[in-house]
Amino acid sequence: MAGKLYVVGTPIGNLSDFSPRAVQILRDVDFIAAEDTRVTLKLLNHFEIKKPLVSYYEHNLREKGELILGRILAGENCAVVSDAGMPCISDPGEDLVRLAADAGVETIVIPGPNAAISALCVSGLSTSRFSFEGFLSTNRKNRLEHLEQIKNDPHTLIFYEAPHKLLTTLQDLLNVLGDRRAALARELTKVHEEVVRTTLSEAVARYTEQSPKGEFVLVLEGARPQETSAFTLEDAVFLARQLSDGGLKPSEAAKEAAAATGFKKAEIYKAML
Ligand code: SAM
């Protein structure tokens, strides 16, 4: 009979966030697929767990995935973990879960901390609908294209970023998305945990003066809905014609109607004629 695959969340800083169930699963499985075996070994040592580890990371996903699946199909239970947080979220795991699912292997999640959701919860921004954008590409063209795609998204936006790229990312966000409210959640669950609720322009100024340290999640307010006029162009033209019939010169009538309705004077004037 085939074994099972457990997707186990690990702490994003504070080891006390590791759940008793997660500890038990790591004790019970036959082996652990870990993003970085040295990082996971520290976690295992802390909880006095002894378990064989296989490395499973970005550059060996294919060959190791097949190998891990083979062991599960032969009857072993496996837990997949990443260095911090939930596997599969900007971390290895997604491919292994797909392989397991395709092979009919039962996959069970042991939920744990996740930096994006934790940051969203303390951002002070809308949590009702949000979009997780992960890391922006390091390729400038790709990152700008990504930002163009989402610039009118009304939902709260969540990004991961490394400290040495934070300032460039903030500048790109400001240039493409415009100034908007932002929360920078740093070192969550750790000693220097901090949430800076600010705006993109202030964040750029702040991190131009001081270099960012630690791990960051950026949470941004979604695009505000375009302000729409309560009037149609036909309303504006109708008003301008009435003013003109009342004695105003057409250009003055168009100007007055523009002020009253928010449409451009030239647009009204052209439509009047
Ligand atoms: N799988 C992880 C999760 O579930 O959150 C994310 C892994 S991703 C490779 C690492 C990124 O997550 C960091 O660059 C940072 O943006 C964010 N991150 C991880 N731990 C964090 C923490 N304690 N505080 C703030 N951000 C954190």
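Order of listing sets the numbers, starting from 1, for every ligand and every atom in it. Keep in mind the model is a prediction, meaning the values are calculated, not measured.
R206 has a carboxylate O that lies under 4.0 Å from a charged side-chain N of E194, or vice versa, which qualifies the two as a salt bridge. Note on E76 versus R71: salt bridge recorded, some NZ/NE/NH1/NH2 to OD/OE distance being below 4.0 Å. Between R62 and D95, none of the side-chain N atoms (NZ, or NE/NH1/NH2) sits under 4.0 Å from a carboxylate O, so this pair counts as no salt bridge.
Each of the following atoms of ligand 1 lies closer than 4.0 Å to a heavy atom of G85: 3 (C), 4 (O). Applying the 4.0 Å criterion to heavy atoms of E161 picks out, from ligand 1, the atoms 14 (O), 16 (O). Atoms of ligand 1 found under 4.0 Å from any heavy atom of E187 (numbered from 1 in listed order, with element): 23 (N), 24 (N), 25 (C). Each of the following atoms of ligand 1 lies closer than 4.0 Å to a heavy atom of K190: 23 (N).
Under 4.0 angstrom from ligand 1, the non-hydrogen atoms of A185 all belong to its backbone. Residue contacts with ligand 1, taken as heavy atom pairs separated by less than 4.0 Å, involve N114 via backbone and side-chain atoms alike.
Using modelled atom types, one finds no donor on one side chain facing an acceptor on the other under 3.5 Å when comparing R181 with S123. Under 3.5 Å, the side chains of D28 and Q24 contain a donor-acceptor pair of N or O atoms. Side chains of N60 and S55: a donor on one and an acceptor on the other come within 3.5 Å. Using modelled atom types and a 3.5 Å distance limit, the side chains of Q242 and S244 yield no donor-acceptor pair. When only modelled atom types and interatomic distance are considered, D91 and S82 share a side-chain donor-acceptor pair under 3.5 Å. A donor and an acceptor atom, one from each side chain of D172 and T169, are nowhere located under 3.5 Å apart.
Of all protein heavy atoms, the one closest to atom 20 (N) of ligand 1 is E215 OE2, 3.4 Å. Protein heavy atom nearest atom 18 (N) of ligand 1, with residue, atom name and distance: A115 CB, 3.4 Å.
Here's the thing with I89: one of its N/O atoms is less than 3.5 angstrom from an N/O atom of ligand 1. Checked by distance only, ligand 1 and R186 stay at 3.5 Å or farther apart across all their nitrogen or oxygen atoms. At under 3.5 Å, not a single nitrogen or oxygen of A162, backbone or side chain, sits near a nitrogen or oxygen of ligand 1. The shortest N/O to N/O separation between M86 and ligand 1 falls below 3.5 Å. Residue T189 has no N or O atom closer than 3.5 Å to an N or O atom of ligand 1. In terms of N/O distances under 3.5 Å, ligand 1 is approached by I12. Checked against a 3.5 angstrom limit, the closest N/O atoms of L188 and ligand 1 fall inside it. When only interatomic distances are considered, the shortest N/O to N/O separation between S82 and ligand 1 does not fall below 3.5 Å.
Note on ring orientation: taking the six-membered ring where Trp is involved, the planes of H146 and F159 are tilted (angle from 30° to 60°). Using cut-offs of 30° and 60° on the angle between ring planes, the pair F18 and F47 is tilted.
Taking each of A84, P11, G9 in turn, the one with a heavy atom nearest to atom 2 (C) of ligand 1 proves to be A84. Here atom 16 (O) of ligand 1 lies nearest to F216 when heavy atoms of F135, F132, F216 are compared.
Atom CD of E209 has 12 or fewer heavy atoms from other residues, nucleotides or ligands within 6.0 Å.
In this structure, S90 is part of the shell of residues with a heavy atom less than 4.0 angstrom from ligand 1.
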